[in-house]
*Asks:* 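Can you keep this structure in mind? I'll have questions shortly.
Given the structure is predicted, the values throughout are model-derived calculations rather than measurements. In this chain, numbering begins with 1 at the start of the sequence shown. All values below come from the heavy atoms of this structure, side chains included, with hydrogens, waters and symmetry mates left out.
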Amino acid sequence: VNAGIAEQPPVEKFKIYPNPATSTVTIETSQDKPYAVQIINMLGQVFYNVQQPSNSRFNINLAEFAKGIYIVQLRDVIDGSVGRQRLVIQ
């Protein structure tokens with residue numbers, strides 16, 4: 001069934017560590033590409049929304065985040081591919 005929504009190919013695998021995290025988290029990708037990064041809570045609210053320059057590793061400060069479970073979404077700004085992983089903040 002076609003719902004009229006184009007499905008995007010997945011982003012190459014990326015790592016999030018440490019996970020669970022407390023104060024900062026590192027995201028590491030397999031390629032040096034620009035990514036749009038979002039951190040979303042379980043209610044769908046976006047808490048972090050930044051476009052990272054071409055860099056295969058970057059850190060995010062979690063000081064403003066409440067403890068809980070979040071989704072980290074990376075979108076390749078060149079080809080539109082999307083990847084998601086769960087992040088636990090303690």
Side-chain angles (χ1 to χ4, degrees):
V1 175
N2 185 349
I5 299 172
E7 187 171 319
Q8 298 296 330
V11 165
E12 294 288 327
K13 290 197 176 226
F14 64 97
K15 297 178 187 175
I16 300 175
Y17 57 89
N19 193 5
T22 53
S23 59
T24 61
V25 67
T26 300
I27 298 176
E28 188 173 321
T29 65
S30 60
Q31 298 178 348
D32 284 341
K33 291 183 175 181
Y35 290 97
V37 182
Q38 289 187 322
I39 299 180
I40 306 162
N41 72 5
M42 293 288 110
L43 299 175
Q45 298 167 315
V46 177
F47 279 82
Y48 183 87
N49 189 13
V50 171
Q51 184 167 324
Q52 292 293 111
S54 296
N55 197 349
S56 64
R57 185 183 331 182
F58 47 92
N59 297 319
I60 298 173
N61 183 344
L62 303 175
E64 301 293 320
F65 289 80
K67 294 178 182 180
I69 299 172
Y70 295 82
I71 299 297
V72 176
Q73 176 176 286
L74 263 64
R75 184 179 53 81
D76 184 323
V77 298
I78 296 170
D79 68 14
S81 60
V82 175
R84 293 176 188 89
Q85 287 192 33
R86 187 176 73 145
L87 170 65
V88 177
I89 300 177
Q90 296 182 331

*Asks:* For Val50, check side chain to side chain contact (heavy atoms under 4.5 Å, CB included) against everything at least two apart and list the hits.
*Replies:*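 If we apply the side chain to side chain contact (heavy atoms under 4.5 Å, CB included) test to Val50, skipping adjacent residues, the hits are Tyr48, Gln52.
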*Asks:* Please name all residues satisfying ring pair (Phe, Tyr, Trp, His ring centres under 6.0 Å) with Phe47, sequence neighbours left out, ordered by chain then number.
*Replies:*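 Checked Phe47 against ring pair (Phe, Tyr, Trp, His ring centres under 6.0 Å); matches are Tyr70.
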*Asks:* Holding to side-chain hydrogen bond (donor to acceptor under 3.5 Å, both in side chains), I want the full list of residues that pass it with Arg84, two or more places apart in sequence or in another chain.
*Replies:*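 Partners of Arg84 under the side-chain hydrogen bond (donor to acceptor under 3.5 Å, both in side chains) test: Gln73.
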*Asks:* Quick one: do Val72 and Phe14 satisfy side-chain contact (heavy atoms from CB on, under 4.5 Å)? Show the steps, please.
*Replies:* CA-CA 10 Å; Val72 176; Phe14 64 97; 4.3 Å; yes
*Asks:* May I have the list of side-chain donor-acceptor pairs in residues 56-65 shorter than 3.5 Å, sequence neighbours left out?
*Replies:*
unit_1 : atom_1 : unit_2 : atom_2 : d
Ser56  : OG     : Asp32  : OD1    : 3.2
Asn59  : OD1    : Thr26  : OG1    : 2.5
Asn61  : OD1    : Ala63  : N      : 2.8

*Asks:* Got a second to check how far Ile16's CD1 is from Asn19's CG, nearest 0.5 Å?
*Replies:*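 Reported value, rounded in 0.5 Å steps: 6.0 Å.
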*Asks:* Do the side chains of Met42 and Ile71 get nearer than 4.5 Å, heavy atoms only?
*Replies:*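 Sidechains of Met42 and Ile71: in contact.
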*Asks:* Any pair with a residue in residues 45-54 that passes salt bridge (charged side-chain N to carboxylate O under 4.0 Å, His left out), sequence neighbours left out, goes on the list, sorted by first then second residue, please.
*Replies:*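 Not a single pair qualifies under salt bridge (charged side-chain N to carboxylate O under 4.0 Å, His left out).
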*Asks:* Does Gln45 have any side-chain hydrogen bond (donor to acceptor under 3.5 Å, both in side chains) partners at least two apart in sequence or in another chain, and if so, which?
*Replies:*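 Only Asn41 meet the side-chain hydrogen bond (donor to acceptor under 3.5 Å, both in side chains) criterion with Gln45.
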*Asks:* Would you name the heavy atoms of Gly80 and Arg75 that are closest together and state the gap between them?
*Replies:*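 Nearest pair, atom of Gly80 first, then Arg75: O-CG, 4.0 Å.
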*Asks:* Under a 4.5 Å side-chain heavy-atom rule over Ile, Leu, Val, Met, Phe, Trp and Tyr, are Ile39 and Val88 clustered together?
*Replies:*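 No.
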*Asks:* Where is the tightest heavy-atom contact between Ile78 and Pro34, given as atom of each residue plus distance?
*Replies:*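 Looking at all heavy atoms of both residues, the closest pair is CD1-CD, 3.9 Å.
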*Asks:* Sequence neighbours excluded, which residues qualify as side-chain hydrogen bond (donor to acceptor under 3.5 Å, both in side chains) partners of Glu28?
*Replies:*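 Expected list: Tyr17.
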*Asks:* Let me confirm one number: the CD-CG distance from Gln31 to Asp76, rounded to the nearest 0.5 Å.
*Replies:*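 It comes to 7.5 Å.
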*Asks:* Under the rule for side chain to side chain contact (heavy atoms under 4.5 Å, CB included), what residues qualify as partners of Val46, not counting sequence neighbours?
*Replies:*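 In terms of side chain to side chain contact (heavy atoms under 4.5 Å, CB included), with neighbours along the sequence ignored, Val46 is linked to Gln38, Ile40, Asn49.
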